[in-house]
Amino acid sequence: MDKEIKLTESMEDYLEMFYRIVKKQGYIRPVDLSEAIKVRPSSVTRMIRKLNDAGFITYEKYRNIALTLKGIRYGKFLVWRDETLKEFFRLVNAGAGMDEQIEGIEHYLTPATMGIIRNLILYFRAHPEMLKELAELSEQRMYPDHERLSQLRAWLLHHGP
Ligand code: MN
């Protein structure tokens with residue numbers, strides 16, 4: 001039996017990356033990881049062990065890593081989640097800094113919320129005139145208390161001007 005564990009944010013990021021590599025070339029060699037990840041090898045090893053214990057991958061030391069059926073199923077969802085969020089923000093013209101923000105929020109969205117976002121994409125694709133209306137709204141760029149969103153301090157403090 002696999003250990004029932006909660007996937008952490010970085011476990012999800014790794015599994016997503018593993019799935020992308022497997023989709024591209026069918027297997028993962030240790031060298032693919034050292035190329036894709038810019039962290040200490042010891043933390044990569046720890047992550048691989050965690051994903052192995054949780055039943056998402058199988059691996060033997062110095063050998064290739066394979067995804068289990070569970071790993072394929074979940075990895076596919078993680079890639080879909082990432083691509084769906086990117087598509088949604090692109091569609092509504094969310095602007096700069098999106099990829100970095102998606103990296104953070106993706107881990108907190110439930111499948112139900114992802115379903116709503118997928119529906120919004122389908123809706124806007126079917127009704128492009130609504131996208132124009134949305135763009136006109138954001139041109140006003142006025143928010144509560146007539147504050148200009150681009151000047152909000154909390155955001156600037158974290159991300160610079
Ligand atoms: Mn992430």
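Below, each value reflects all heavy atoms present in this structure, side chains not excepted, and no hydrogens, waters or symmetry copies. Read the numbers this way: they start at 1 and go in the same order the structure lists the ligands and their atoms. Remember, predicted model here, so these are calculated numbers, not experimental data.
- Under 2.8 Å from the Mn ion (ligand 1) lies no N/O/S atom of E12, from backbone or side chain alike.
- The CD1 atom of I102 sits 11.0 Å away from atom CD of E83, with the distance rounded to the nearest 0.5 Å.
- Comment: D32 engages R29 in a salt bridge, judged by a side-chain N to carboxylate O separation of less than 4.0 angstrom.
- Centred on the Mn ion (ligand 1), the OE1 atom of E103 and the OD1 atom of D13 lie at an angle of 90°, reported to 10°.
- Classification of K132 and E136 as a salt-bridged pair fails, no side-chain N sitting under 4.0 Å from a carboxylate O.
- E106 contributes atom OE2 as its closest N/O/S atom to the Mn ion (ligand 1).
- Checking E9 against the Mn ion (ligand 1), every N/O/S atom stays at or beyond the 2.8 Å cut-off.
- Aromatic ring orientation, Y74 versus F77: tilted (interplanar angle from 30° to 60°).
- Distance check for D82 against the Mn ion (ligand 1): none of its N/O/S atoms falls below 2.8 Å.
- A salt bridge does not link E12 to K6: none of the charged nitrogens lies less than 4.0 Å from a carboxylate oxygen.
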